[in-house]
Amino acid sequence: MAKKDSNSHIACEHCVLDNICKPIAVGEHSFDQINNILDRRQPLLAGEHLYKKGDSLSSIYALTSGTVKLIQSNRKGNEQVVGFRFPGELLGDEAISSKTHLLNAMAVDDISVCKIPMKGLDDIAKIVPAFQRNLIELLSHQCNTLHQQFASYAARNNADERLAAFILNVLNRSKNEISQAHEIFLAMSRDDIANYLGLRRETLSRTLSKFQKMNIINRQNKALEIIDLDHLRILAND
């Protein structure tokens, strides 16, 4: 089983920001203003927050390496993991409407992000209409990603279905990473996965062990190889 290189970055052409980072033709000229405001591959250590609930929106981010978990907390301090982000995906977009972040975004492992200030995006969009269209397409793509992530487990009734659907969802979203076709890397803890799927940690552990005994997956630490993809799809009702 291949090991994940924690220092590897997703290729730009596989990133959700790719279309808005490319130069845009304006008449006979090429407009490449985005590179003047883009901070590329800014590092963040595991356990640190990219932003917290209540922070004012200042930038949006594209994750270029590592994994981020999104957390909803209530007044009692209870936390619910409501999503994960993987390389090539967008972060911070949930605050575009309210201008205030509604979630905590925490690095699961060491990560890096490309950062684009909202002020810069607004200025470019006013000058170049094509850029505004690309930005709308970007947000639409992210909305679809959120829907797929939620649908991957919400309608599933038991642990087998939820875990199988979750693994397939991660596989689909990780397809552009440097890895074997049916391998994924789960940097998040079992507690986080169980919290996200609405399962007890013990239930998740038993289900993972069950899948391994059935020769559906092979899990070594945080690396997971899917051995029987068809069986996994059947379990997920996919």
Side-chain angles (χ1 to χ4, degrees), residues 4 6 16 44 46-53 61 63 65-95 101-111 113 141-175 177 179 183-212 216-217 219-226 232-233 235-238:
K4 181 182 176 69
S6 60
V16 71
L44 195 69
E48 293 184 339
H49 284 84
L50 184 62
Y51 52 81
K52 293 184 178 181
K53 180 180 179 180
Y61 311 85
L63 188 62
S65 67
T67 303
V68 169
K69 64 178 177 179
L70 300 175
I71 307 164
Q72 176 71 62
S73 57
N74 60 27
R75 293 179 180 179
K76 295 182 179 180
N78 297 322
E79 294 186 344
Q80 172 67 48
V81 178
V82 297
F84 299 102
R85 293 292 178 272
F86 303 108
E89 296 181 350
L90 193 65
L91 286 152
D93 55 297
E94 92 287 350
H101 287 290
L102 307 176
L103 304 169
N104 298 316
M106 178 186 289
V108 173
D109 50 357
D110 292 350
I111 69 167
V113 296
H141 178 274
Q142 181 70 5
C143 182
N144 183 57
T145 296
L146 289 172
H147 172 73
Q148 289 181 350
Q149 178 169 325
F150 178 76
S152 70
Y153 78 96
R156 273 65 181 192
N157 297 318
N158 58 55
D160 286 11
E161 293 178 356
R162 290 191 177 196
L163 179 59
F166 174 73
I167 293 172
L168 288 173
N169 179 259
V170 176
L171 176 66
N172 181 58
R173 294 162 63 193
S174 303
K175 62 183 180 296
E177 288 197 55
S179 65
E183 290 185 11
I184 59 177
F185 185 81
L186 299 176
M188 60 288 271
S189 68
R190 291 194 184 188
D191 285 334
D192 284 340
I193 297 174
N195 184 306
Y196 174 63
L197 294 178
L199 301 172
R200 295 176 62 86
R201 188 185 189 280
E202 295 79 7
T203 303
L204 175 66
S205 295
R206 285 197 301 269
T207 309
L208 281 168
S209 297
K210 177 182 177 181
F211 284 8
Q212 185 132 346
I216 297 172
I217 63 170
R219 181 179 171 95
Q220 296 180 11
N221 296 320
K222 293 184 178 295
L224 187 148
E225 178 186 9
I226 300 171
L232 197 66
R233 285 171 173 160
L235 287 172
N237 292 320
D238 191 29

Engineer: Which residues satisfy the salt bridge (Lys or Arg N to Asp or Glu O under 4.0 Å) test with Arg190, sequence neighbours excluded?
Structural biologist: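 In terms of salt bridge (Lys or Arg N to Asp or Glu O under 4.0 Å), with neighbours along the sequence ignored, Arg190 is linked to no residue.
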Engineer: Could you tell me which residues satisfy side chain to side chain donor-acceptor pair (under 3.5 Å) with Asp160, sequence neighbours excluded, listed by chain and number?
Structural biologist: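 In terms of side chain to side chain donor-acceptor pair (under 3.5 Å), with neighbours along the sequence ignored, Asp160 is linked to Lys210.
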Engineer: Is the side chain of Gln212 donor-acceptor paired with the backbone N or O of Arg219 at a distance under 3.5 Å, no angle test?
Structural biologist: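 The answer is yes, because a donor-acceptor pair under 3.5 Å joins these two groups.
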Engineer: Would a 4.5 Å heavy-atom cut-off, applied to side chains only, mark Ile111 and Leu63 as touching?
Structural biologist: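 A side-chain contact under 4.5 Å exists here.
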Engineer: Which pair of heavy atoms, one from Asp191 and one from Arg201, lies closest together, and at what distance?
Structural biologist: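 Minimum heavy-atom separation between Asp191 and Arg201: OD1-CD, 2.6 Å.
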Engineer: Rounded to the nearest 0.5 Å, what separates atom CG in Leu232 from atom CG in Leu168?
Structural biologist: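 Going from the CG atom of Leu232 to the CG atom of Leu168 covers 4.0 Å.
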Engineer: What pairs with Asp93 under side chain to side chain donor-acceptor pair (under 3.5 Å), at least two apart in sequence or on another chain?
Structural biologist: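 Per chain and number, Asp93 pairs via side chain to side chain donor-acceptor pair (under 3.5 Å) with no residue.
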Engineer: Can you check whether Gln80's main-chain N or O pairs, donor with acceptor, with Asn195's side chain at less than 3.5 Å?
Structural biologist: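 No; judged by distance alone, with no hydrogens or angles, the pair does not exist.
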Engineer: For Glu161 versus Asn157, what's the shortest heavy-atom pair and its separation?
Structural biologist: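 In this case the closest contact between Glu161 and Asn157 is OE1-N, 2.9 Å.
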Engineer: List the steps, then state whether side chain to side chain contact (heavy atoms under 4.5 Å, CB included) holds for Leu44 with Val113.
Structural biologist: CA-CA 8 Å; Leu44 195 69; Val113 296; over 6 Å; no
Engineer: Could you measure the distance from the NZ atom of Lys69 to the OG atom of Ser189? Nearest 0.5 Å is fine.
Structural biologist: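 Taking NZ in Lys69 and OG in Ser189, the distance rounds to 6.0 Å.
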Engineer: With Met188, which residues qualify under side-chain contact (heavy atoms from CB on, under 4.5 Å), at least two apart?
Structural biologist: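 Thr67, Phe84, Phe86, Val108, Phe166, Leu186, Asp192, Ile193.
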Engineer: Between atom CD of Glu183 and atom CD1 of Ile226, what is the distance when rounded to the nearest 0.5 Å?
Structural biologist: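 Glu183 CD to Ile226 CD1: 9.5 Å, rounded to 0.5 Å.
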Engineer: Quick one: pull up CD1 in Ile167 and CG in Leu224 and give me the separation to the nearest 0.5 Å.
Structural biologist: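 Rounded to the nearest 0.5 Å, the CD1-CG separation comes to 5.0 Å.
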Engineer: State, to 0.1 Å, how close Tyr196 and Val81 come at their nearest heavy-atom pair, and which atoms those are.
Structural biologist: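 Looking at all heavy atoms of both residues, the closest pair is CD1-O, 3.4 Å.
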Engineer: Does the side chain of His49 reach to within under 4.5 Å of the side chain of Met106, using non-hydrogen atoms?
Structural biologist: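 The answer is yes, as the side chains (C-beta and beyond) meet within the 4.5 Å cut-off.
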Engineer: For Gln72, check side chain to side chain donor-acceptor pair (under 3.5 Å) against everything at least two apart and list the hits.
Structural biologist: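 If we apply the side chain to side chain donor-acceptor pair (under 3.5 Å) test to Gln72, skipping adjacent residues, there are no hits.
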Engineer: Main chain of Ala164, side chain of Arg162: is a donor-acceptor contact present, judged purely on distance under 3.5 Å?
Structural biologist: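 Looks like no, no N/O pair under 3.5 Å.
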Engineer: Under the rule for side-chain contact (heavy atoms from CB on, under 4.5 Å), what residues qualify as partners of Lys222, not counting sequence neighbours?
Structural biologist: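 Lys222: side-chain contact (heavy atoms from CB on, under 4.5 Å) contacts with Phe185.
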Engineer: For Arg200, which residues count as a side-chain contact (heavy atoms from CB on, under 4.5 Å) partner, sequence neighbours excluded?
Structural biologist: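 Result, side-chain contact (heavy atoms from CB on, under 4.5 Å) vs Arg200: Glu202, Thr203.
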Engineer: Side chains of His101 and Glu94: does their closest heavy-atom pair fall under 4.5 Å?
Structural biologist: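 The answer is yes; the side chains approach within 4.5 Å.
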Engineer: Measuring from atom CG of Asn237 to atom CZ of Arg233, what distance do you get when rounded to the nearest 0.5 angstrom?
Structural biologist: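 Going from CG on Asn237 over to CZ on Arg233, the span is 13.5 Å.
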Engineer: With sequence neighbours excluded, tell me which residues meet side-chain contact (heavy atoms from CB on, under 4.5 Å) with Asn78.
Structural biologist: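 Expected list: Asn74, Lys76.
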Engineer: Is any side-chain heavy atom of Leu235 closer than 4.5 Å to one of Leu163?
Structural biologist: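 SC-SC contact between Leu163 and Leu235 ruled out.
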Engineer: List in chain and number order the residues that pass side chain to side chain donor-acceptor pair (under 3.5 Å) with Glu48, two or more places apart in sequence or in another chain; answer none if no residue qualifies.
Structural biologist: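 Once residues adjacent in sequence are excluded, Glu48 has no partner under the side chain to side chain donor-acceptor pair (under 3.5 Å) criterion.
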Engineer: Say you draw a straight line from CG of Leu50 to CG of Leu91; how long is it, rounded to the nearest 0.5 Å?
Structural biologist: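 Here the interatomic distance stands at 6.0 Å.
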Engineer: Between Gly66 and Asp109, which heavy-atom pair has the shortest distance, and what is it?
Structural biologist: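 Looks like CA-OD1, 3.4 Å.
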